[in-house]
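See structure below.
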Amino acid sequence: MIQLKNIKKTYNRGKENAFEALHDVSLEISDNEMVAIVGTSGAGKSTLLHILSLIDCWDEGEYWMNDVLVNDLNETKQAEMRSHEIGVVLQDYALVEDFTGINNVLLPLDFDKAKKRTKKEKLTLANQALEQVGMREFSSKKCNQLSGGQKQRIAIARAIVNNPYMIIADEPTGALDTENAKQIMEILKRLQGNGRIVIIVTHDMNIAQYADRVIRIEDGNIVND
Ligand SMILES: Nc1ncnc2c1ncn2[C@@H]1O[C@H](COP(=O)(O)OP(=O)(O)O)[C@@H](O)[C@H]1O
Ligand SMILES: [Mg+2]
């Protein structure tokens, strides 16, 4: 379970352009849930996702993952949690464009020195991840030769290769046409379960309807859950 308790986030803290992007956000997400976070542009959706994915820090409040108070973890432990428990998918895919699909998917495994996997073990895991998103046959193509929908599937494979507890996607279909968006949402929906949480940020209600639960955020507050 994920719990945020009274989270506050201020950009440019202490400066004259200080801006409180999250005021007092409390949120609980149970194992196996798929949640959509919706809200207009500037509402604080990405800020919330960056905190959940440990890409950015918060100023006040508590972040719990299962029985671990994330606040208490040092930088190394947080980095470990980010790499083992959290898979991130972004609107613009964020792939290494001149790498092949499989080499993009191998990146998190190569980063993860602690696990001491052999090349063969890593290749097996990467191929399994590619299989799950239906991209096995395109795995040796360079990403700059793939369509947007295919790139996003590679990005999802990269996000799941470490078998994370939580998948966090920021507007994952924002750059895709309706048909590809539908395919991506069906893949994300399939990845929910076995304990795993899926969190999607979107401003598109057609996308939000794939989730079990819709959380609306407005001006840095959760207004509807
Ligand atoms: N790095 C930053 N520095 C200053 N202000 C920021 C920064 N990132 C976001 N903001 C501001 O915080 C608010 C929330 O932004 P964001 O979380 O990106 O919203 P959303 O993803 O819902 O569009 C916006 O007003 C935005 O301008
Ligand atoms: Mg955003």
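Whatever order the structure lists them in is the order used to number ligands and atoms, beginning at 1. In this chain, numbering begins with 1 at the start of the sequence shown. Note: hydrogens, waters and symmetry copies are ignored here, and every other heavy atom, side chains too, is used.
Residue, atom and distance of the protein heavy atom nearest to atom 16 (P) of ligand 1 are T47 OG1, 3.6 Å. Atom 18 (O) of ligand 1 has its closest protein heavy atom at S46 CB, 3.7 Å. Shortest contact from atom 19 (O) of ligand 1 to any protein heavy atom: G44 N, 3.2 Å. Protein heavy atom closest to atom 6 (C) of ligand 1, with residue, atom name and distance, is Y11 CD1, 3.2 Å. For atom 12 (O) of ligand 1, the closest non-hydrogen atom on the protein side is F19 CE2, 3.4 Å.
I154 and I167 fall within a single hydrophobic cluster, where Ile, Leu, Val, Met, Phe, Trp and Tyr are joined by side-chain heavy atoms under 4.5 Å apart, directly or via other members.
At a 4.0 Å heavy-atom cut-off, ligand 1 does not touch N17 at all.
At a cut-off of 2.8 Å, T47 does not coordinate the Mg ion (ligand 2) through any N, O or S atom.
For ligand 1, the atoms sitting less than 4.0 Å from at least one non-hydrogen atom of N12 are 4 (C), numbered in the order shown with element in parentheses. Every atom of ligand 1 with a heavy atom of A21 under 4.0 Å away is listed here by number and element: 12 (O).
For the atom pair CG (D212) and NZ (K189), the distance works out to 4.5 Å, reported to the nearest 0.5 Å.
Listed for the Y63 side chain is a donor-acceptor partner under 3.5 Å among the backbone atoms of L52. Side chain of D31 to backbone of M1: a donor-acceptor contact under 3.5 angstrom is found. A side-chain donor-acceptor contact under 3.5 Å links Q152 to the backbone of L90.
Within the set G42, A18, S41, the minimum heavy-atom distance to atom 24 (C) of ligand 1 is found for G42.
Across all non-hydrogen atoms, the minimal contact from Q78 to L54 is O-CD1, 3.8 Å.
Considering I215, I7, I2, V35 in turn, I215 is the only one that fulfils the side-chain contact (heavy atoms from CB on, under 4.5 Å) rule with L27.
Contact annotation for atom 27 (O) of ligand 1: protein absent (non-hydrogen atoms, distance under 4.0 Å).
The shortest separation from a heavy atom of T40 to ligand 1 is under 4.0 Å, placing the residue in contact.
One finds a salt bridge joining D112 and R117 here, because a Lys/Arg side-chain nitrogen approaches an Asp/Glu carboxylate oxygen to under 4.0 Å.
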